[in-house]
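Everything on this sheet refers to the single structure shown next.
Each ligand, and each atom within it, is numbered from 1 in the order the structure gives. The figures here come from the full heavy-atom set of this structure, side chains too, leaving out hydrogens, waters and symmetry mates. Since the structure is predicted, the reported quantities are computational estimates derived from the model, not experimental observations. One-based numbering along the sequence shown.
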Amino acid sequence: MNQLRLKRHAGRRLGSGHLWVFSNELDSLPDFPPGKLVEVIDSRGQSYGTGFYNPNSLISVRLLFTDEKIDIDFFAGRINKANLHRNVFFPDEQCYRVVFGESDFLPGLIVDKYDDYLAVQYLSAGIEIRKDTVIEALLKVFPNTIGIIEKNQSRLRAIEGLESYDNTAYGTIPDEINISEYDIKLSISLLAGQKTGYYLDQKLNRKYIRIISRGKNVLDCFCNQGGFALNAAKAGAGNVLGIDSSEEVLHRARANAGLNGFDAIDFAKADVFDFLEKEISNGSEWDVVVLDPPAFAKNKKSVPTALAGYRRLNKLALQIIPTGGYLATSSCSQHILEDRFAGEVQSAASRTGRQLRLIHRGTQPPDHPILSSMPETAYLKFFVYQVI
Ligand code: SAH
């Protein structure tokens, strides 16, 4: 097997369990095909095991921490292990993330399970060129699978030099499927949905919102297919309104409210920033406001603009929450660290003359585990504050 040598001192991070070798850490960047398996050694010849090489990415090698052959048994073994971990936390759930890339030592592979359908994403060249083996391995671990869809539109693929595509890789994928998240019924579209079909990462945070929603007026900003709003309604909220800028997802949110028999719930199409401005000028009040925007920082360069965006959004929300009410605020930007996000919320509070106390600090659920040696695997922040 071809060996790639690290520059002197470049091994320290890898020694502590990080899985990525950056292009400036290697002695040379040979013109091997993207995805080729290579062995990484340090300047003294000590091996860090094998990994997927990609000459088109700043992440030159994604380590696999194995000497095994990378075949169907390797993939099935790791997928099975990942699935067993999920079964501990979600024994009765049929929808969860089975594989979360590096955190499951399958760099660049995402697998989301929606009952007997799987939605997969390939975010590394190593997985892309082995996709047929990955699909076979998935069918071995989940023999009842009806359909597997490849949802390969992620911007992370472009960074890896991979093109975008969606494809049915196995079986059939209907226009809509009916699933459930705990006791909430959902109709989702794997074909048309954003990401892999549903935002599974907010599963526990959506459930958390029930604690503070009973008898309250709840505003779910960036509601997508109704996730937080439906949980608020389930908890017996007095009145729930979900806001999103996409008519396609709102049509599903309304259908989902119907599926669950909720009637004190409504959904409206609007830009959240404009909507909040209007609510402020109308003097409206909402006891609970949920903010779950898309990632404002897509890369390191956009962090300052994103921080300003979070500050502005939280400032607007804080102006419509009465004393005693709650702000549940999220950020899914990997480049924005938890403390900086909390700092922006605090800054929004002081600029609006509000006092906040932190009630709950949430993050990713156990099916999106954070590898502590790789801060890059942590992205979701979810804070619940009470306005006092
Ligand atoms: N809260 C959702 C997930 C939110 S994903 C859940 O629990 O499943 C972010 C959503 O924000 C997407 O549905 C997207 O359509 C919407 N969106 C993005 N920018 C927006 C804006 N400026 N105003 C309103 N909605 C927006």
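Taking CD1 of Ile177 as the reference point, atom SG of Cys95 lies at 6.5 Å (rounded to 0.5 Å).
Of the candidates Arg206, Glu247, Gln202, Gln225, it is Arg206 that places a heavy atom closest to atom 8 (O) of ligand 1.
The hydrophobic cluster containing Ile127 does not contain Leu123, counting ILVMFWY residues as joined when their side-chain heavy atoms lie under 4.5 angstrom apart, directly or transitively. No continuous path of ILVMFWY side-chain contacts below 4.5 Å connects Val289 to Val240, so the two sit in separate hydrophobic clusters.
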Practice task
Go through Tyr385 and Tyr326 one step at a time and tell me if the ring-ring contact (aromatic ring centres under 6.0 Å, His included) criterion holds.
Solution key: CA-CA 6 Å; Tyr385 295 93; Tyr326 298 91; over 10 Å; no
Practice task
Please lay out, stage by stage, how Phe383 and Phe341 fare under the test ring-ring contact (aromatic ring centres under 6.0 Å, His included).
Solution key: CA-CA 10 Å; Phe383 297 151; Phe341 178 59; 5.6 Å; yes
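For the pair Ala270 and ligand 1, a heavy-atom separation below 4.0 Å is found. Ligand 1 lies within reach of Asp271, whose nearest heavy atom is under 4.0 Å from it.
In terms of protein heavy-atom proximity, atom 15 (O) of ligand 1 is nearest to Asp244 OD1, 2.7 Å. Shortest contact from atom 9 (C) of ligand 1 to any protein heavy atom: Asp292 O, 3.7 Å. Ser245 OG, 3.4 Å is the protein heavy atom nearest to atom 20 (C) of ligand 1.
Screening Leu118, Val111, Asn83 for a side-chain contact (heavy atoms from CB on, under 4.5 Å) involving Val99 leaves a single residue, Val111.
Which parts of ligand 1 touch Cys223 is read off a 4.0 Å heavy-atom cut-off, strictly below it: atoms 2 (C).
Polar contact check, Phe222 against ligand 1: a nitrogen or oxygen pair lies under 3.5 Å apart.
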